[in-house]
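Throughout, a chain's letter reflects where its sequence line sits, starting with A, and its residues are numbered from 1.
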Protein chains: 2
Amino acid sequence: MEPVRREQLIKATIESVAELGLQGTTINSISKKAGLSSGIISHYFGGKQGLIEATVRYLLSSLKYSLMAQVTESTSPEQRLMYIIEANFALVQQRKDTTRTWLSFWAQSMHDPELHRLQNVNSKRLYSNLASSFRQLMNADSAKRAAELSAAMIDGLWLRAVLSQSDKDQFKHSEQLAKQYVRSLISQYGA
Amino acid sequence: MEPVRREQLIKATIESVAELGLQGTTINSISKKAGLSSGIISHYFGGKQGLIEATVRYLLSSLKYSLMAQVTESTSPEQRLMYIIEANFALVQQRKDTTRTWLSFWAQSMHDPELHRLQNVNSKRLYSNLASSFRQLMNADSAKRAAELSAAMIDGLWLRAVLSQSDKDQFKHSEQLAKQYVRSLISQYGA
DNA sequence: TTATTTTTATTGAACGCTCAATTAATAAAA
DNA sequence: TTTTATTAATTGAGCGTTCAATAAAAATAA
């Protein structure tokens with residue numbers, strides 16, 4: 001039962017945070033969405049905080065695996081960069097409510113050490129994924145710079161899309177802009 | 001007394017949200033920081049929500065005026081673009097805690113109509129400020145594209161700096177990157 | 001098999017706490 | 001004195017957590 005319930009509760013948490021915000025999300029709003037009692041949360045996660053953290057870890061690993069599913073050994077560096085961008089914009093398409101949840105958690109990470117740790121893992125991973133791909137296309141310094149800039153561009157486009165409550169098409173548009181930008185970095189610095 | 005107390009309470013709110021987050025901020029944490037009693041908040045702002053919204057409006061107009069203070073009629077388009085970037089990164093220097101507060105508010109804006117309205121005002125203003133300056137340096141379509149991209153770049157660099165709990169130097173570094181990027185857009189599309 | 005015990009899974013009411021808001025009291029100013 | 005500004009105490013709603021009770025499932029014994 002345990003794995004079933006855990007997933008049930010994590011998905012209910014994503015929905016609740018997307019709908020009501022982290023502030024408005026209570027143990028009741030979650031358990032109601034999951035169709036379970038409120039007591040079960042403490043039973044499986046030790047408390048509300050434990051469930052929140054488990055939910056962030058769940059989102060993080062979703063992102064990780066959606067990238068890993070695409071990339072193989074024969075994937076070209078440029079193609080790999082495109083996959084990284086797609087993965088970062090993809091969660092939207094899978095679950096339209098995930099992006100709002102994501103931003104809520106990042107805002108909270110400023111005041112919660114464990115969330116901040118997880119946020120750092122995510123931020124560094126985006127950077128190093130980008131950097132290692134760029135590295136195959138240009139010198140080390142340029143690759144670092146390109147990774148820093150494109151990480152910011154991806155996050156910025158994503159942030160503006162989320163905050164303006166964009167629809168799927170606008171997210172697609174942002175994704176295209178990010179891809180174009182990465183291509184322009186390659187032709188600018190590329191060997 | 002009223003204007004004095006209002007400013008006192010707004011500044012205490014900024015501090016409290018920066019320190020404790022929007023979740024952790026209570027009328028007690030605010031009034032304590034302001035050295036006043038909790039009842040005074042309802043008296044001057046009608047309640048906590050009113051104070052929160054007044055604080056966002058305060059931050060918004062700070063940003064607006066810090067830009068207006070720099071720009072004159074004789075400011076060149078390129079210089080004006082640099083001032084826009086400086087203004088967006090500048091709140092950090094004035095008050096080191098302001099940036100965290102901003103992000104907290106923007107996250108909350110997804111679930112609060114009035115905050116969302118204010119967030120939109122801000123986002124649109126950044127875009128149109130950029131666009132009108134770019135327009136003097138390139139054709140209309142390029143200017144729109146350049147404004148969209150540089151708005152995202154500014155927000156992305158800013159977001160990553162805030163979330164990684166950067167110090168002032170790292171913020172300065174991000175500001176420099178944003179400026180360089182805008183310059184590269186000018187030389188790329190510029191007439 | 002059937003009956004009995006034990007374990008596991010789940011509930012929801014009760015508890016203590018914290019919050020925002022209100023209120024009556026008080027102090028200061030006009 | 002009347003008005004304005006402020007406090008401090010109080011209220012009631014809502015929160016997360018706990019926990020005794022229960023139901024369902026599994027294991028054991030007859």
Side-chain angles (χ1 to χ4, degrees), chain A residues 1-58 101 104-105 107-115, chain B residues 1-58 101 104-105 107-115:
Chain A
M1 271 296 90
E2 183 164 336
V4 177
R5 293 285 175 254
R6 287 181 71 95
E7 185 164 347
Q8 234 180 321
L9 289 167
I10 284 173
K11 293 197 166 168
T13 304
I14 293 172
E15 281 176 39
S16 176
V17 174
E19 193 176 312
L20 308 167
L22 207 50
Q23 293 224 63
T25 292
T26 67
I27 252 171
N28 269 319
S29 73
I30 296 169
S31 56
K32 202 172 175 185
K33 269 190 195 298
L36 297 165
S37 83
S38 62
I40 207 81
I41 289 172
S42 293
H43 184 251
Y44 282 119
F45 293 95
K48 188 191 179 187
Q49 185 64 13
L51 174 53
I52 295 292
E53 287 167 9
T55 303
V56 174
R57 276 188 227 102
Y58 173 88
T101 308
S104 294
F105 287 144
Q108 184 59 19
S109 78
M110 293 186 295
H111 312 284
D112 179 326
E114 176 62 8
L115 291 188
Chain B
M1 271 294 91
E2 182 165 336
V4 177
R5 293 286 175 253
R6 288 181 71 94
E7 184 162 349
Q8 233 179 322
L9 289 166
I10 285 172
K11 292 197 167 167
T13 304
I14 294 172
E15 280 176 39
S16 176
V17 174
E19 193 176 311
L20 309 167
L22 209 48
Q23 293 224 60
T25 292
T26 67
I27 57 169
N28 268 318
S29 73
I30 296 169
S31 55
K32 202 171 176 184
K33 268 189 196 299
L36 296 165
S37 80
S38 64
I40 208 80
I41 289 172
S42 293
H43 184 251
Y44 283 119
F45 293 95
K48 188 191 179 188
Q49 185 64 14
L51 174 52
I52 296 291
E53 287 166 10
T55 303
V56 174
R57 274 188 228 103
Y58 174 88
T101 309
S104 294
F105 286 145
Q108 184 59 20
S109 78
M110 293 185 296
H111 309 99
D112 180 324
E114 176 62 9
L115 291 188

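In this structure, CG in A/L51 is found 5.0 Å from CD1 in A/I30, a value given to the nearest 0.5 Å. A distance of 11.0 Å separates CG in A/L115 from OG in A/S104, rounded to the nearest 0.5 Å. The CG atom of B/L36 lies 4.5 Å from the CD atom of B/Q8; values are rounded to the nearest 0.5 Å.
With hydrogens and angles disregarded, a donor-acceptor distance shorter than 3.5 Å links the side chain of B/S31 to the backbone of B/I27. Of the possible polar contacts, one joining the B/T101 side chain to the B/I14 backbone as a donor-acceptor pair under 3.5 Å is found.
With a cut-off of 3.5 Å on both pairing distances, the Watson-Crick or G-U wobble partner of D/dT11 is C/dA20.
Among the heavy atoms of the strands, none lies under 4.0 Å from A/F45.
Residue A/I30 contributes atom CD1, which lies 10 Å from atom P of D/dT17 at whole-angstrom precision. When the C1' atom of C/dT10 is taken as reference, atom CD of A/Q8 falls 12 Å away, rounded to whole Å. Rounded to whole angstrom, the span from the NZ atom of B/K32 across to the P atom of D/dT7 amounts to 15 Å.
Using a 4.0 Å cut-off, some side-chain N or O of A/R5 falls inside it from OP1 or OP2 of C/dT10.
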Query - Protein-to-nucleotide contact annotation, 5' to 3' order, nucleotides 12-30 of chain C [B base; S sugar-phosphate only; - none; under 4.0 Å, heavy atom] - result: B------SBBB--------
Query raised in the report: How far apart are the C-alpha atoms of A/I10 and A/F45, what are their side-chain angles, what is the distance that settles it, and do they pass the side chain to side chain contact (heavy atoms under 4.5 Å, CB included) test?
Result: CA-CA 10 Å; A/I10 284 173; A/F45 293 95; 4.1 Å; yes
